[in-house]
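Some notes on the structure that comes next.
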Amino acid sequence: MTSEPDDANASFASLGLRPELLGVLSDLGYEEPTPIQSATIPVLIEGRDLLGQAATGTGKTAAFALPILEHLAAGDRGKSPTSLVLVPTRELALQVSQAFHGYGRAQGARLVAVYGGAPARHQVDALRRGVDVVVATPGRALDLSARGALVLDSIRTLVLDEADEMLDMGFIEDIESIIALTPTSRQTVLFSATMPKRIDKLASKHLRDPQRISI
Ligand code: AMP
C-alpha cells in the first residue's frame with residue numbers, strides 16, 4: 001500500500017517529485033533528502049547533464065533514480081529502454097536495479113539488470129518483454145546491443161555510476177562504444193568517487209555544460 005505524502009517528505013516535494021514517488025519514499029521511511037539528493041534532483045529533473053563526485057552511502061542511487069522515474073511517461077511505454085545506467089560490477093547492477101524497482105513500483109517501472117557471468121538468455125527475454133530502465137555492466141550491455149537484444153536508440157538519460165571504478169576495470173572502450181550508440185540529445189550523468197584527469201576527460205568529451213556537484 002502506498003500512503004499519501006505527508007509533511008515528513010515535504011522537502012522531497014519541494015525538489016519537484018510527483019505524488020506517486022513521494023508516497024513511495026514515505027513508505028520507505030525516507031524523511032528528508034540527503035545532501036546529494038537535494039543538490040542533484042532538481043538539476044536532473046530540469047534535464048541538465050551532471051558531473052557528481054560522491055561515494056557510496058551518500059544516497060546517490062536515489063539521486064539519479066528519482067529524476068529518471070519522474071520523467072517516466074504514464075500509461076503505455078515503448079519496448080526499448082529510455083534510461084541506461086552503467087555500473088562496474090554485477091553486485092552493483094543488482095543493488096541499483098533493486099533500489100530502482102522499489103522507488104518505481106507505484107509507476108510500474110520496468111527494470112532489467114544485465115551483467116556478465118550469467119547466461120544471457122533470461123536477460124534477453126526480459127529485454128524483449130519491454131523495459132524502461134536497464135542497469136548494466138558495460139561488456140554485457142555491448143554484447144546484448146550487438147545481438148540486437150538491447151536497443152539504445154530511445155535512451156534519454158545515460159548514467160555512468162562509479163565511473164572511476166569502471167575505468168580502473170578497463171571498460172573505457174566499451175563505455176565509448178555504448179555512448180556512441182545512444183542519441184546525442186541524451187542527458188548524461190556521471191558519478192565518481194574520485195575525479196582523476198581521465199574522468200574529467202571523459203566528462204568533457206560527453207557531457208554538455210554539466211552542473212558540477214561534490215559531496
Ligand atoms: P546509496 O548511497 O545510494 O548506496 O544509498 C545508501 C543507503 O541510504 C541505501 O540503503 C538507501 O536506501 C538509503 N537512503 C538513500 N536516501 C535516503 C534518504 N533520503 N533517507 C533515508 N535513507 C536513504
Side-chain angles (χ1 to χ4, degrees), residues 1-46 48-72 83-107 109 111-115 132-138 157-169 171 187-195 199 203 210-215:
M1 199 187 81
T2 298
S3 47
E4 287 300 306
D6 50 30
D7 286 350
N9 59 23
S11 44
F12 273 115
S14 73
L15 300 179
L17 295 171
R18 55 165 105 180
E20 292 120 291
L21 284 170
L22 298 178
V24 167
L25 294 172
S26 166
D27 286 350
L28 287 172
Y30 289 16
E31 293 187 352
E32 53 179 351
T34 65
I36 193 166
Q37 291 163 4
S38 301
T40 60
I41 289 172
V43 173
L44 293 180
I45 288 178
E46 205 188 303
R48 281 195 64 183
D49 284 3
L50 185 128
L51 177 58
Q53 180 164 15
T56 303
T58 52
K60 78 174 150 65
T61 311
F64 63 73
L66 296 173
I68 284 175
L69 292 166
E70 180 64 33
H71 287 151
L72 213 60
S83 297
L84 174 67
V85 181
L86 292 179
V87 297
T89 64
R90 165 201 174 114
E91 288 69 33
L92 193 60
L94 289 168
Q95 196 183 311
V96 168
S97 69
Q98 252 160 29
F100 248 113
H101 199 259
Y103 301 139
R105 66 178 184 209
Q107 296 165 271
L111 262 298
V112 178
V114 306
Y115 42 81
D132 299 307
V133 182
V134 173
V135 184
T137 53
T157 303
L158 171 68
V159 180
L160 307 175
D161 191 20
E162 305 205 349
D164 50 357
E165 283 286 315
M166 291 199 283
L167 296 199
D168 285 348
M169 292 172 74
F171 284 132
Q187 176 184 42
T188 312
V189 181
L190 188 158
F191 278 112
S192 191
T194 61
M195 283 291 161
I199 293 288
Q211 173 81 49
R212 287 170 181 262
I213 283 162
S214 176
I215 299 292

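First listed ligand is number 1; within each ligand, the first listed atom is number 1. If you're wondering where the values come from, they're calculated on a predicted model, not measured in any experiment.
Under the 4.0 Å distance rule, the nearest protein heavy atom to atom 7 (C) of ligand 1 falls outside the cut-off. There is no protein heavy atom closer than 4.0 angstrom to atom 10 (O) of ligand 1. Distance screen at 4.0 Å: atom 17 (C) of ligand 1 has a protein heavy-atom neighbour inside the cut-off.
Under a 4.0 Å criterion applied to the non-hydrogen atoms of Thr56, ligand 1 contributes the atoms 2 (O), 4 (O). Listed by number with element, the atoms of ligand 1 under 4.0 Å from a non-hydrogen atom of Gly59 are 1 (P), 2 (O), 3 (O), 5 (O), 15 (C).
Checked by distance only, ligand 1 and Thr61 come closer than 3.5 Å through their nitrogen or oxygen atoms. Residue Gly57 has at least one N or O atom closer than 3.5 Å to an N or O atom of ligand 1. Checked by distance only, ligand 1 and Gln95 stay at 3.5 Å or farther apart across all their nitrogen or oxygen atoms. The shortest N/O to N/O separation between Pro33 and ligand 1 does not fall below 3.5 Å. For ligand 1, the polar-atom distance check against Thr58 finds a nitrogen or oxygen pair separated by under 3.5 Å.
Every side chain to side chain contact (heavy atoms under 4.5 Å, CB included) that Ala63 has, sequence neighbours left out, goes to Ile36, Gln37, Thr40.
The side-chain heavy atoms of His71 and Leu44, taken from C-beta on, include no pair separated by under 4.5 Å.
Without hydrogens or angle criteria, Thr137 side chain to Arg90 main chain gives no donor-acceptor distance under 3.5 Å. Looking only at distances, a side-chain donor or acceptor of Gln53 sits under 3.5 Å from a matching main-chain atom of Ala193. Looking at Asp161, its side chain never comes within 3.5 Å of a backbone N or O of Val87 through a donor-acceptor pair.
Counting heavy atoms only, Tyr30 comes closest to atom 14 (N) of ligand 1 of the residues Phe12, Tyr30, Tyr103. Here atom 15 (C) of ligand 1 lies nearest to Gln37 when heavy atoms of Gln98, Gln37, Lys60 are compared.
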For the pair Ile213 and Leu51, evaluate side chain to side chain contact (heavy atoms under 4.5 Å, CB included) and give the outcome as yes or no after the intermediate values.
CA-CA 6 Å; Ile213 283 162; Leu51 177 58; over 6 Å; no
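Contacts with ligand 1 closer than 4.0 Å are made by no heavy atom of Phe191, backbone or side chain. In Glu32, the part holding a heavy atom less than 4.0 Å from any atom of ligand 1 is the backbone.
Closest approach of Leu84 and Ala136 over heavy atoms only: CD1-CB, 4.2 Å.
Taking 4.0 Å as the cut-off between side-chain N and carboxylate O, Arg105 and Asp27 count as a salt-bridged pair. With respect to Arg18 and Glu20, a salt bridge is recorded, a charged nitrogen being found less than 4.0 Å from a carboxylate O.
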